[in-house]
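Reviewing the structure listed below.
Reminder, nothing fancy here: chain letters follow the sequence lines and each chain counts from 1.
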Amino acid sequence: MTEFNSLEKIRLEKISELRDAGIEPYPTRAKRTHTAAQAIAEFEAAEKNASEGNPAVVNATLAGRIRATRSMGKLTFAHIEDGSGKIQLFLRVNEIGQERLSIFDRLLDIGDFIQAEGVMMRTRTGEITLHVHDYTLLAKAVSPLPASKDETLADGTVVRHAALEGQELRARQRYADLAVNPAVRETFRKRAKIVSSLRRFLDDHDFLEVETPILQPIYGGANAKPFTTYHNQLKQQLYLRISFELYLKRLLVGNLERVYEIGRDFRNEGVSYKHNPEFTQLEFYAAYADYLKVMELTEEMVAFACQEVNGTTRVMYQGQEIDFTPPWRRLEMRQGILDVTGIDISAAPDAESLAKAILAKGYNPPVNTTRGKLIDYLVGEYLEPTLIQPTFLYNYPRDISPLAKSIPGDPLTVERFEGYVAGFELCNAFTELNDPLDQEERFLQMGRDYTADEEEHNLLDEDYLRAMYYGMPPNGGFGMGVDRLTMLLTDKHSIREVLLFPHLRSDEQTQEGGEI
RNA sequence: GGUCGACUAGCUCAAUGGCAGAGCAACUGACUCUUAAUCAGUGGGUUGAGGGUUCAAGUCCCUCGUCGAUCACCA
């Protein structure tokens with residue numbers, strides 16, 4: 001049972017009072033002829049054509065949410081906000097009568113949805129305003145919206161007072177956050193635009209959008225811990241996917257030459273400002289392409305998304321300008337590590353010799369691990385933070401890349417790159433391994449390497465191998481975190497700011513709602 | 001998981017260990033061009049939860065919860 005605070009109880013009483021007065025607080029139908037922005041634009045246009053004795057007349061019915069009211073006895077000003085912005089209402093006893101004005105002043109509140117019809121006008125201070133002849137309550141708000149008021153200073157800047165700023169409340173009650181913070185709505189409009197521009201780019205490059213299973217009997221395609229679930233009737237253990245890779249590459253076996261999927265991945269790991277347990281991934285695979293071709297597609301695609309969303313291929317991110325204009329810098333991993341640490345990984349062909357070289361520099365590498373993980377450590381610790389402008393870091397050690405193809409003549413290195421921007425990983429791609437015998441051996445090797453680390457153990461996907469044995473065209477594959485791209489393009493430091501409903505620990509309210 | 005910080009009215013924030021406050025929001029009244037409207041008045045609190053020290057705790061100590069920052073983890 002919902003408990004109400006004193007402010008809410010007052011509003012519940014207002015609902016009864018409205019019903020007693022014959023006013024339905026939640027009518028079924030609404031009407032509107034203009035958005036706020038349309039009404040203002042139309043009135044401005046009409047003013048230009050107006051002349052002496054031929055005034056601008058624009059009739060409009062608007063609908064929106066009350067954001068501020070100023071009652072002056074026989075006059076009331078209010079602002080309502082709809083999807084297009086705010087607009088002022090002007091209600092006067094002359095037109096709507098004492099009783100209707102009094103109901104507006106006494107029984108309507110900030111947060112209520114109303115519709116208002118009237119004639120557009122300009123007030124003495126010049127604000128384009130709807131002179132209301134009649135209004136209708138569309139939906140009464142019981143809980144007060146987190147109050148916030150905008151003050152327009154003399155120089156035109158808008159100062160927001162008492163805005164909803166508590167980060168926890170904003171994330172838990174995103175509906176209230178969205179309702180009172182237009183900038184938050186704008187972020188999510190941008191996010192939608194980013195996703196649609198990625199889709200358009202891939203569609204225009206002959207990619208086919210597909211959907212593959214989220215519930216999988218065997219997880220794979222990435223090194224991450226899965227969420228597990230269970231199908232009762234089939235008595236089957238299932239995993240929520242950690243990547244789309246193995247299913248999308250099955251489709252290449254099926255002669256679908258270019259495929260992509262945008263959807264949710266689930267990883268049962270830590271939560272941080274750049275990790276959410278479920279996140280949106282874009283993966284594509286292109287037959288007859290290699291990782292160099294994928295680099296070109298990547299820089300074009302990201303620059304395209306940036307252009308679509310921000311009107312330019314440059315963006316300010318956390319105080320520094322990022323330039324996505326192709327071509328991006330290409331940095332070979334061996335060279336990059338050599339530049340920042342002075343260690344040449346090609347001179348250390350195994351874990352032992354590499355660990356020795358790292359210790360010789362006075363660093364603290366992880367112990368008892370593989371050569372690949374040592375290289376990963378050097379990259380993560382010393383190289384990544386230096387990669388601010390978009391950079392393709394390429395040529396990775398083979399043993400941390402079980403699905404990538406080796407460079408011809410260099411069995412220790414695979415044709416793989418990661419795209420780094422602002423010091424963090426944006427995307428990951430490689431020339432895909434299409435030799436089934438090699439793939440099977442790599443899976444088995446992974447199994448041996450990680451026997452000690454049960455949780456990171458990759459399951460052997462026999463059906464995927466069976467697909468490969470039918471023959472897979474050479475191809476390049478790509479994966480990118482859409483949330484991270486959105487962070488970059490909207491200048492948000494935390495992934496929570498670009499997720500409508502980020503994962504949060506359950507609070508008291510949600511715990512109460514749970515059935516035991 | 002470690003470390004540090006935050007949590008006070010619906011919202012944003014104050015309060016040397018000594019009566020828990022302000023602005024906005026709300027309520028009552030005045031006001032026919034206001035715009036953070038103004039003016040007069042009123043109500044509103046288990047100070048995140050629980051324990052402890054003290055004559056006295058929002059404040060000091062302990063435990064817990066949540067959020068944030070950071071580190072670890074994370075292809």
Side-chain angles (χ1 to χ4, degrees), chain A residues 4-11 13-14 67-79 86 88-95 101 106 109-111 121-127 129 131 141-153 158-173 176 180 221-225 242-243 245 267-275 277 279 366 372-373 375-376 379-380 393 396-397 399-404 414 416-418 424-425 427-430 446 455-456 458 479 481 493-494 496 502 504-511:
Chain A
F4 297 104
N5 65 33
S6 61
L7 297 179
E8 290 165 336
K9 282 174 185 158
I10 288 166
R11 292 192 181 200
E13 279 166 25
K14 288 179 179 177
R67 288 302 308 278
T69 61
R70 295 176 292 281
S71 166
M72 305 188 55
K74 298 195 169 57
L75 286 186
T76 292
F77 290 91
H79 273 93
K86 281 193 208 173
Q88 183 168 254
L89 305 184
F90 176 57
L91 297 87
R92 201 165 61 159
V93 69
N94 310 38
E95 287 79 29
L101 185 62
R106 283 180 37 249
D109 290 291
I110 291 169
M121 60 171 264
R122 243 179 223 278
T123 62
R124 275 178 205 163
T125 54
E127 181 166 348
T129 299
H131 191 163
V142 175
S143 302
L145 280 178
S148 67
K149 284 198 167 189
D150 295 334
E151 178 180 14
T152 308
L153 301 177
V158 175
V159 178
R160 173 152 284 220
H161 297 272
L164 181 65
E165 280 170 350
Q167 295 207 42
E168 180 178 356
L169 195 62
R170 286 189 46 232
R172 283 195 196 281
Q173 298 188 21
V180 302
N223 197 5
K225 294 167 201 160
I242 58 172
S243 87
E245 173 150 6
R267 297 189 181 176
N268 205 341
E269 288 166 359
V271 178
S272 80
Y273 70 95
K274 53 182 179 179
H275 297 88
F279 62 99
K373 292 220 159 186
I375 293 174
D376 211 35
V379 170
L393 186 65
Y396 275 62
D399 65 286
I400 56 168
S401 313
L403 299 162
V414 293
R416 170 180 175 183
F417 73 83
E418 290 188 350
F424 66 79
E425 177 194 340
C427 58
N428 179 21
F430 29 91
M446 284 294 280
E455 282 189 310
E456 280 197 9
N458 266 323
H493 172 68
S494 168
R496 291 190 169 178
L504 297 166
R505 276 174 223 260
S506 56
D507 62 0
E508 283 169 28
Q509 280 186 329
T510 54
Q511 279 169 355

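As the counterpart of B:C31, no nucleotide is assigned, since no Watson-Crick or G-U wobble pattern has both distances under 3.5 Å. Applying the Watson-Crick and G-U wobble criteria (two distances, each under 3.5 Å), B:U59 pairs with nothing in any strand. The nucleotide B:A37 finds no pairing partner, because no Watson-Crick or G-U wobble arrangement with both distances shorter than 3.5 Å includes it. Nucleotide B:G68 has B:C4 as its partner under the Watson-Crick or G-U criteria, with both atom distances under 3.5 Å. Base pairing analysis places B:G23 opposite B:C11; the two distances defining the Watson-Crick or G-U wobble pair are each below 3.5 Å. If you check B:U53 for Watson-Crick or wobble pairing at under 3.5 angstrom, you find it has no partner at all. Across every strand in view, B:G17 sits unpaired, with no contact that passes the Watson-Crick or G-U test at under 3.5 angstrom.
For the C1' atom pair drawn from B:U32 and B:U38, the interatomic distance equals 15 Å after rounding to whole Å. For the C1' atom pair drawn from B:G65 and B:A26, the interatomic distance equals 31 Å after rounding to whole Å. One P atom belongs to B:G17, the other to B:C7, and the distance between them is 15 Å to the nearest Å. On the P atoms, B:G41 is 12 Å away from B:G23, given to the nearest whole Å. The same atom, P, is picked in B:C67 and in B:U8; the two are 15 Å apart, to the nearest Å. The C1' atoms of B:A20 and B:A9 are separated by 10 Å, rounded to the nearest whole Å. Taking the P atom of each, B:A22 and B:G44 are spaced 12 Å apart, rounded to whole Å. Rounded to whole Å, the C1' atom of B:C11 lies 7 Å from the corresponding atom of B:A25.
Taking all atoms of both residues into account, the shortest heavy-atom contact from A:P144 to A:L7 is CG-CD1, 4.0 Å. Minimum interatomic distance between A:P502 and A:A171 (heavy atoms only, all atoms of both residues): CG-CB, 4.0 Å.
Across the protein-nucleic acid pair, A:F424 atom CZ and B:C74 atom P stand 19 Å apart, rounded to whole Å. Distance CZ (A:F417) to P (B:A75): 18 Å, rounded to an integer number of Å. Following rounding to the nearest Å, A:Q173 (CD) and B:U66 (P) show an atom-to-atom distance of 17 Å. Rounded to whole Å, the distance from CZ on A:R170 to P on B:U12 is 11 Å. Counting to the nearest Å, the C1' atom of B:C11 and the CZ atom of A:R67 are 12 Å from each other. Counting to the nearest Å, the P atom of B:A75 and the CZ atom of A:R267 are 8 Å from each other. Atom pair A:L145:CG and B:A36:C1' shows a separation of 17 Å (rounding to whole Å applied). Nucleotide B:G68 holds its P atom 11 Å from the NE2 atom of A:H493, rounded to whole Å.
The distance from the CD atom of A:E95 to the CZ atom of A:F90 is 7.0 Å, given to the nearest 0.5 Å. Going from atom OG1 of A:T69 over to atom CG of A:L91 covers 10.5 Å, rounded to the nearest 0.5 Å. Atoms NE2 and CD, from A:H131 and A:Q88 in turn, are 11.5 Å apart once rounded to the nearest 0.5 Å. Atoms CZ and OG, from A:R106 and A:S71 in turn, are 11.5 Å apart once rounded to the nearest 0.5 Å. From A:S272, atom OG reaches atom CZ of A:R496 across 9.0 Å, with rounding to the nearest 0.5 Å.
Residue order along RNA chain B, read from the 5' end via each residue's closest nucleotide, puts A:S6 first among A:R496 and A:S6. Position along RNA chain B of the nearest nucleotide to A:G270 versus A:Y273 favours A:Y273 as the more 5'-ward residue.
Heavy atoms of A:R416 sit under 4.0 angstrom from at least one base atom. If you check every strand for non-hydrogen atoms under 4.0 Å, A:I10 touches sugar and phosphate atoms only. If you check every strand for non-hydrogen atoms under 4.0 Å, A:L169 touches sugar and phosphate atoms only.
The side chain of A:P146 has B:C11 as its nearest neighbour among B:C11, B:A75, B:A26. Minimum atom distance to the side chain of A:I110 is reached by B:A25, of the listed B:A75, B:A25, B:A36.
Close to B:C27, at under 4.0 Å from its OP1 or OP2, lies a side-chain N or O of A:K14.
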List the steps, then state whether side chain to side chain contact (heavy atoms under 4.5 Å, CB included) holds for A:D150 with A:H79. CA-CA 11 Å; A:D150 295 334; A:H79 273 93; over 6 Å; no
Counting primed atoms, P, OP1 and OP2 as sugar-phosphate and everything else as base, the B/S/- map of nucleotides 29-34 of chain B against protein heavy atoms under 4.0 Å is --BBBB
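Between A:E269 and A:H275, the side chains place no donor N or O within less than 3.5 Å of an acceptor N or O (distance only, hydrogens not considered).
Side-chain atoms of A:R416 do not come within 3.5 Å of backbone N or O of A:N428 as any donor-acceptor pair.
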